[in-house]
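Before any comments, here is the structure.
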Amino acid sequence: MPTILVTGGAGYIGSHTRYFLQQRGYRVVVLDSLERGFREAVPNEILHVLDLRNTETIAMLLKTEKVDAAIHFAGYISVGESTKDPEKYFVNNVSGSLSLFEAMLHADVRKLVFSSTAAAYGVPDHVPIREDQPFAPINPYGESKVMVEKILGWMDKYQDFRSVRLRYFNACGAEPEAGLGERHDPETHLIPLLLTAVQTGKPITLFGDDYPTPDGTCIRDYIHVSDLAAAHIYAVEYLLNAGASDVFNVGTGVGASVKEVLEAVERVTGKPVPFTMGPRREGDPPSLVADSTKLQTKLGWKPQRAELDRIISDAWQFAQSLKTS
Ligand code: UFG
């Protein structure tokens with residue numbers, strides 16, 4: 001079986017993808033700085049603690065481990081933080097990626113799956129969003145991903161460097177049986193914060209109920225992290241089978257409002273969620289829902305755990321395991 005390098009394999013989506021790659025029989029090498037990842041999310045024997053900017057060391061690692069393809073998750077992911085410190089986002093997300101690509105070229109590894117984001121579309125003209133909607137990021141985080149997507153386009157054209165760019169919508173859920181789930185510090189994402197509110201009794205603030213949506217709260221496409229991980233495996237297999245560079249949205253195609261997610265959390269946990277209604281958060285588009293027809297028809301991917309209650313039930317199981325561990 002081929003060997004896959006996973007950068008950011010100690011992070012949320014990276015750790016789930018590493019797990020499913022190994023389940024499928026791949027040899028996996030994980031690279032993570034552990035600045036934001038969790039050591040316990042990766043088996044020790046495959047973890048290399050390294051910053052992406054160590055180009056030469058990474059090139060050596062790729063050669064000695066005989067890596068066939070890479071899945072590149074490593075990067076900062078917080079929209080809010082990116083607006084406070086844009087330069088930090090460009091250094092980490094763009095320079096880090098460039099260093100990895102340079103190492104890959106040195107080692108003659110020319111297949112890459114890249115973590116991109118729905119933030120690349122900004123406030124879209126049409127929902128559900130297709131991949132051919134133009135780039136229009138409204139924050140430095142989204143811009144950093146767009147920059148890397150563009151670099152990959154040129155590398156495809158002139159350096160025979162093939163990539164699949166996956167634009168994620170709202171990753172959520174967990175794989176509690178594998179001890180994996182969502183943990184960020186500080187946490188900013190809706191579902192873990194709703195679950196924490198249930199656990200602690202401290203109210204969560206909901207960001208605005210005056211949007212042009214049926215109940216006034218923002219609509220998002222919540223995609224189970226294990227379905228997202230599966231999309232990476234389809235993508236890397238497509239590249240290993242000599243597929244051409246391409247871009248795919250990864251979402252369920254079904255939107256849920258903030259209030260609907262809150263109600264689902266109440267159903268699953270059997271407890272009320274304490275909350276207060278606050279003002280809008282800057283930069284939140286009213287509605288982001290994926291059209292993932294392309295991923296389904298071209299690569300044969302289908303979400304298996306699309307129901308909100310299932311997603312929340314997995315996340316809840318993981319949150320409870322954290323509390324007791
Ligand atoms: N929300 C609240 N209260 C909170 C946190 C979130 O009401 O305490 C709301 C947000 O306003 C938003 C929804 O819940 O309407 C989801 O918010 P998240 O922060 O969980 O996720 P985002 O949609 O903001 O962000 C996600 C990804 C980003 C990506 C972005 C694309 O996490 O990486 O989608 O717009 F950039």
Side-chain angles (χ1 to χ4, degrees), residues 8 11-14 36 73-83 86 89 92-93 114-124 127-129 133 135-149 165-174 182-184 186-198 200 202-225 228 249-252 255-265 273-290 308 311-312 315:
Y12 176 40
I13 307 168
R36 297 192 178 183
F73 294 99
Y76 293 148
I77 60 153
S78 167
V79 170
E81 186 188 32
S82 81
T83 62
Y89 268 66
N92 194 48
N93 293 4
F114 177 60
S115 288
S116 191
T117 172
Y121 300 112
V123 183
V127 177
I129 305 168
Q133 285 210 37
F135 288 134
I138 54 167
N139 51 61
Y141 164 70
E143 183 71 48
S144 73
K145 293 288 181 177
V146 167
M147 288 167 95
V148 177
E149 284 209 33
R165 295 162 280 140
L166 297 177
R167 295 187 187 142
Y168 316 154
F169 284 66
N170 287 58
C172 51
E182 185 167 14
R183 271 199 282 174
H184 298 111
E187 188 54 78
T188 59
H189 293 104
L190 180 65
I191 293 175
L193 289 174
L194 288 167
L195 296 174
T196 304
V198 168
T200 61
K202 290 195 193 121
I204 175 177
T205 304
L206 305 186
F207 299 138
D209 60 356
D210 58 351
Y211 283 95
T213 60
D215 66 19
T217 63
C218 286
I219 292 173
R220 294 288 180 273
D221 184 333
Y222 294 90
I223 168 88
H224 196 294
V225 64
L228 197 44
N249 287 332
V250 196
T252 64
S257 73
V258 170
K259 276 189 182 155
E260 285 170 336
V261 177
L262 183 146
E263 284 158 16
V265 167
V273 178
F275 73 92
T276 54
M277 190 54 71
R280 291 182 178 197
R281 181 172 68 178
E282 203 197 315
D284 270 344
S287 179
L288 287 174
V289 179
L308 201 49
I311 289 172
I312 288 164

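Throughout, numbering of the chain's residues begins at 1 and tracks the sequence. FYI, side chains are in, hydrogens and waters are out, and symmetry mates aren't considered; it's all heavy atoms of this structure. Here the structure is a predicted model, which is why all the values come from computation and not from measurement. Counting starts at 1 for both ligands and their atoms, following the listed order.
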Residue and atom name of the nearest protein heavy atom (relative to [atom]), distance in Å to one decimal:
{"atom": "atom 4 (C) of ligand 1", "value": "Phe207 CE1, 3.2 Å"}
{"atom": "atom 9 (C) of ligand 1", "value": "Val258 CG2, 3.8 Å"}
{"atom": "atom 27 (C) of ligand 1", "value": "His189 NE2, 4.3 Å"}
{"atom": "atom 29 (C) of ligand 1", "value": "Thr117 OG1, 3.6 Å"}
{"atom": "atom 23 (O) of ligand 1", "value": "Arg220 NE, 2.7 Å"}

>> With a 6.0 Å cut-off (strictly less than), is the heavy-atom count around CD of Glu187, excluding the residue itself, greater than 12?
In response: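 For Glu187, atom CD is crowded (more than 12 foreign heavy atoms under 6.0 Å).
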
>> I want to check something: taking the side chain as every heavy atom from C-beta on, are Val258 and Phe207 in contact at a cut-off of under 4.5 Å?
In response: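 No, too far: nothing below the 4.5 Å cut-off.
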
>> So Phe169 and Ile129, do their side chains get closer than 4.5 Å, heavy atoms only?
In response: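 They are in contact (side-chain heavy atoms under 4.5 Å apart), so the answer is yes.
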
> Hey, does Tyr222 sit under 4.0 Å from ligand 1 if you only count heavy atoms?
Replying inline: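 Yes.
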
> Which option, Leu206, Ile77, Asn170, owns the non-hydrogen atom nearest atom 34 (O) of ligand 1?
Replying inline: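 Among Leu206, Ile77, Asn170, the closest heavy atom to atom 34 (O) of ligand 1 belongs to Asn170.
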
>> Show, in sequence, the C-alpha distance, side-chain angles and deciding distance for Tyr89 and Glu81, and conclude whether the side chain to side chain donor-acceptor pair (under 3.5 Å) test is met.
In response: CA-CA 9 Å; Tyr89 268 66; Glu81 186 188 32; 2.4 Å; yes

> Could you walk me through whether Thr252 and Asp221 pass the side chain to side chain donor-acceptor pair (under 3.5 Å) check?
Replying inline: CA-CA 6 Å; Thr252 64; Asp221 184 333; 2.8 Å; yes

